[in-house]
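One structure is given below, encoded as structure tokens.
The figures that follow rest on heavy atoms only: side chains count, while hydrogens, waters and symmetry mates do not. First listed ligand is number 1; within each ligand, the first listed atom is number 1.
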Amino acid sequence: MPSRKTAIVTGSTSGIGLAIAHALAADGCNVVVNSFSDTADDRAITDAIAKHHGVKTVYIKADMSKPAECRALIEKAAETFGSVDILVNNAGIQHVAPVEEFPIEKWDAIIAINLSSAFHTIAAAIPRMKQAGGGRIVNIASAHGLVASPFKSAYVSAKHGIMGLTKTVALELARDKITCNAICPGYVLTPLVEAQIPDQMKANMMDRDTVVREIMLEKQPTKEFVTVEQVAAAAVFLCSDAAAQINGTHISVDGGWTAQ
Ligand code: NAD
């Protein structure tokens, strides 16, 4: 039986990251679960993935706003499982405010967590992937990596940035059997999206239902939220042998948002 691949998913204790951790475990990978909180819940989630899918999992605390911790996450994962085959850069935060009022510390945190963390994890993972004879890097970008919306200057900038990083890394590693691609989800109803509803209500002077209908789902022609499982399925596909020639590009999972 071939040895299991090691998959690292950043920010994987909730939302899309958690669904990707489950889906890669279901596909037979040993999974590194990460967040910056290190709670009993984080460890229970990690154990539950192992138990449910019959693979090995480990929880590694690392704050993705800190370059040294991003790089240490990869090293600890390699020490634990002996290889790094799949890296999914998923950790992300959001803040909604007009650009002239956008708090500087929020700008810095969003650029650090949503963009720079991927630079650090990728840089640390590449030697391990080369050692393993190949690998897969999947960056969870956003429809906001392709188009903009008002009041999200930092998020849109970081997500456009990660699209550039994705293409550059793909070109640099094309001869090493390492692919680097992005997934661009539309609105997925996760804690990250729940948390921005009150800010959107304030910025747009709307009630909750109106924000969901006119700001969020207004963008998605299907008029439905994307599910975390749908994003996770795209990630598993990009990590499969069938996707070996898909490189430096993205899969949109946005109900048609960016077709407009
Ligand atoms: P979420 O809030 O449910 O999960 C975010 C995860 O990131 C959590 O596990 C959290 O612990 C982790 N995280 C946050 N800050 C961290 C830090 N400093 N260090 C380590 N981990 C940290 O959000 P989500 O909606 O599942 O978002 C996941 C990714 O998907 C993000 O990159 C987000 O931008 C992207 N995305 C989400 C949507 C959506 O509609 N929900 C749409 C497009 C893209």
Side-chain angles (χ1 to χ4, degrees), residues 8-23 31-39 41-43 45-46 49 59-74 76 88-96 105-106 108-118 120-121 138-149 152 154-163 165-166 182-197 200 211-212 215-217 219-220 224-232 234-235 250-255 257-258:
I8 304 170
V9 187
T10 70
S12 43
T13 55
S14 91
I16 292 169
L18 178 57
I20 293 173
H22 267 289
V31 178
V32 176
V33 177
N34 156 259
S35 71
F36 62 107
S37 44
D38 198 2
T39 62
D41 267 3
D42 291 337
R43 288 176 183 272
I45 284 166
T46 306
I49 295 170
Y59 173 82
I60 301 179
K61 178 189 176 184
D63 183 342
M64 291 293 108
S65 69
K66 301 201 164 77
E69 293 191 28
C70 296
R71 289 170 186 257
L73 168 67
I74 305 301
K76 286 179 193 167
V88 181
N89 288 303
N90 168 78
I93 59 167
Q94 174 63 285
H95 187 78
V96 177
E105 66 280 6
K106 291 283 185 196
D108 288 343
I110 289 172
I111 298 299
I113 296 166
N114 296 19
L115 174 58
S116 302
S117 71
H120 296 297
T121 56
V138 178
N139 297 321
I140 306 304
S142 168
H144 283 124
L146 303 168
V147 296
S149 296
K152 296 186 175 178
Y155 189 85
V156 170
S157 301
K159 293 299 186 182
H160 275 68
I162 207 160
M163 298 301 283
L165 178 66
T166 301
I183 297 175
C184 295
Y187 276 103
V188 190
L189 196 56
T190 65
L192 180 141
V193 167
E194 275 294 345
Q196 60 187 280
I197 293 175
Q200 286 281 19
V211 163
V212 169
I215 302 287
M216 296 180 164
L217 296 185
K219 309 254 189 190
Q220 281 180 201
E224 290 173 3
F225 281 109
V226 176
T227 69
V228 293
E229 290 80 11
Q230 289 161 348
V231 179
H250 68 275
I251 297 180
S252 283
V253 189
D254 67 3
W257 173 350
T258 52

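- Of the candidates A62, G17, A158, it is A62 that places a heavy atom closest to atom 20 (C) of ligand 1.
- Atoms of ligand 1 lying under 4.0 Å from at least one heavy atom of P191, given by number and element, are 3 (O).
- The single protein non-hydrogen atom nearest to atom 33 (C) of ligand 1 is Y155 OH, 3.5 Å, given as residue, atom name and distance.
- Each of the following atoms of ligand 1 lies closer than 4.0 Å to a heavy atom of T13: 9 (O), 11 (O).
- Among all protein heavy atoms, the one lying closest to atom 37 (C) of ligand 1 is I16 CD1, 3.6 Å.
- Listed by atom number, the atoms of ligand 1 under 4.0 Å from I93 heavy atoms are 14 (C), 15 (N).
- Summary of contacts: the protein heavy atom closest to atom 3 (O) of ligand 1 is S14 OG, 2.7 Å.
- When only non-hydrogen protein atoms are considered, atom 6 (C) of ligand 1 lies nearest to G11 O, 3.4 Å.
- Considering backbone and side-chain atoms together, K159 places an N or O closer than 3.5 Å to an N or O of ligand 1.
- Looking from atom 43 (C) of ligand 1 to the surrounding protein, the closest heavy atom is P185 O, 3.4 Å.
- Scanning the protein heavy atoms around atom 31 (C) of ligand 1, the nearest turns out to be N90 O, 3.1 Å.
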- Task: Give the C-alpha distance, both sets of side-chain angles, the deciding distance and a yes or no for side-chain contact (heavy atoms from CB on, under 4.5 Å) between L73 and I8.
- Result: CA-CA 9 Å; L73 168 67; I8 304 170; 4.0 Å; yes

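- Residues Q230 and V188 form no side-chain contact, since every pair of their non-hydrogen atoms from C-beta on lies 4.5 Å or further apart.
- Between T190 and ligand 1, a contact under 3.5 Å exists for at least one N or O pair.
- Between W257 and Y187, the angle of the ring planes stays under 30°, which puts this pair in the parallel group of the 30/60° scheme.
- In the vicinity of Y187, heavy-atom distances shorter than 4.0 Å reach the ligand 1 atoms 40 (O).
- Counting heavy atoms under 4.0 Å from ligand 1, residue A141 touches it through the backbone alone.
- Close approach of ligand 1 to D63 (heavy-atom distance below 4.0 Å) involves ligand atoms 17 (C), 18 (N), 19 (N).
- Among protein heavy atoms, atom 23 (O) of ligand 1 sits closest to L192 CB, 3.1 Å.
- Looking at V188 next to ligand 1, an N or O pair under 3.5 Å apart turns up.
- The shortest contact between atom 17 (C) of ligand 1 and any protein heavy atom is with F36 CD2, 3.4 Å.
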task = Report the C-alpha distance between I74 and R71 in whole Å, list the side-chain angles of each, state the deciding distance to 0.1 Å, and finish with yes or no for side-chain contact (heavy atoms from CB on, under 4.5 Å).
result = CA-CA 5 Å; I74 305 301; R71 289 170 186 257; 5.9 Å; no

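- Contact atoms of ligand 1 toward G15: 3 (O), 26 (O) (distance under 4.0 Å to a heavy atom of the residue).
- Heavy-atom contacts of V193 reach the following atoms of ligand 1: 39 (C), 40 (O), 41 (N) (cutoff under 4.0 Å).
- Ligand 1 lies less than 4.0 angstrom from a heavy atom belonging to G186.
- N114 does not count as a contact of ligand 1, since none of its heavy atoms falls under 4.0 Å from the ligand.
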Quick one, V231 with I183, criterion side-chain contact (heavy atoms from CB on, under 4.5 Å). Give me CA distance, side-chain angles, the key distance, then yes/no. CA-CA 8 Å; V231 179; I183 297 175; 4.0 Å; yes

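- Side-chain polar atoms of S37 and T39 form no donor-acceptor pair below 3.5 angstrom.
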Derivation and outcome, side-chain contact (heavy atoms from CB on, under 4.5 Å), residues N34 and I60: CA-CA 5 Å; N34 156 259; I60 301 179; 5.5 Å; no

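- Below 3.5 Å of separation, one finds no N or O of S142 facing any N or O of ligand 1.
- Taking a cut-off of under 4.0 Å to the non-hydrogen atoms of M64, the atoms of ligand 1 that pass are 17 (C), 18 (N), 19 (N), 20 (C).
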